[in-house]
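Residues: numbered from 1 along the sequence shown. The figures that follow rest on heavy atoms only: side chains count, while hydrogens, waters and symmetry mates do not.
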Amino acid sequence: LYGYDVSNARTSNLFPDVSANEWYTAYISKARDLGIVAGYPDGNFRPHQPVNRAEAMKMILLAAKNIDRTNIITAATREREDFDNIAGFVDVPESAWYSAYVSYARSAGIINGKTNGNFAAGDSMTRAEMTKVIFLTYTKPSTSTIPQNCTTGTGSTMSGTLLGCK
């Protein structure tokens, strides 16, 4: 994680499937401490599993220091409570744990989806897609917002705690 110090990261008891002596353990630890990753409902991290588009979107947005998380919070509750499908993808249910991340990214001009109009959350993200998303995420001004009146709330998702607003 660029810009984060992992030298003092905890390396034991992170996830049952993450050994303390792996090269990536300190990075997983720091990312978990920062709320960027949380693992799966079974308690595992699955470090050797490919990342799908929904997981990648969450991790990239939450790792970006130039994005105010309250703007993602705005998208979260809009998706869950307003049911206005601001993500605009027919294959992204408003109740999906990743809908807020996809909604924010689309509203901020970071993603457009596939050529067929879908987001394809379960597909792996290609290197080309990852490059575009990272570039656009890190070049967005910190003021990128989703216009909407908001109040802060909370909700629990597969990917950890996700705050929301309405």
About how many Å separate CZ of R53 and CD1 of I111, when rounded to the nearest 0.5 Å?
7.0 Å
Less than 4.5 Å apart, side chain to side chain, heavy atoms only: is that true for I36 and K30?
no
Counting distance only, does the side-chain N/O of S29 pair as donor-acceptor with the main-chain N or O of T25 below 3.5 Å?
no
Evaluate side chain to side chain contact (heavy atoms under 4.5 Å, CB included) for L61 paired with V133, printing each intermediate quantity in order.
CA-CA 9 Å; L61 290 176; V133 168; over 6 Å; no
When rounded to the nearest 0.5 Å, the distance separating OH of Y101 from NZ of K58 is 5.0 Å
A121 and D91: which non-hydrogen atoms are nearest, and at how many Å?
N-OD2, 4.3 Å
Drop me the distance from L14's CG to N44's CG, to the nearest 0.5 angstrom.
12.0 Å
Find out whether the Lys NZ or Arg CZ of R69 is both under 6.0 angstrom from the six-membered ring centre of Y104 and within 45° of the ring's axis.
no
State which residues pass side chain to side chain contact (heavy atoms under 4.5 Å, CB included) with A64; sequence neighbours excluded, sorted by chain then number.
N66, I67, T137, Y138
Taking the side chain as C-beta and beyond, is there a heavy-atom pair between V51 and M59 under 4.5 Å?
yes
Euclidean distance, D42 CG relative to D17 CG, rounded to 0.5 Å
7.5 Å
If the plane angle is over 60° it's perpendicular, under 30° parallel, otherwise tilted; pick one for F45 and F15.
tilted
When you look at Q49 and Y40, which way does the side-chain hydrogen bond (donor to acceptor under 3.5 Å, both in side chains) test go after all the steps?
CA-CA 12 Å; Q49 178 174 299; Y40 289 88; 3.0 Å; yes
Listed once per pair and sorted, the side-chain hydrogen bond (donor to acceptor under 3.5 Å, both in side chains) pairs that draw on residues 109-126, sequence neighbours left out
K114-E129, T126-E129
Give me the atom names and distance for the closest heavy-atom approach of L62 to G35.
CD1-O, 3.3 Å
Looking at Y24, I'd like to know if its OH atom is crowded, meaning that more than 12 non-hydrogen atoms belonging to other residues, nucleotides or ligands lie closer than 6.0 Å.
yes
The side-chain hydrogen bond (donor to acceptor under 3.5 Å, both in side chains) partners of N8 (sequence neighbours excluded) come to none
As an exercise, state the distance from CD of E55 to OH of Y98, rounded to the nearest 0.5 Å.
11.0 Å
Roughly how far, to the nearest 0.5 Å, is the NZ atom of K65 from the CG atom of L34?
8.5 Å
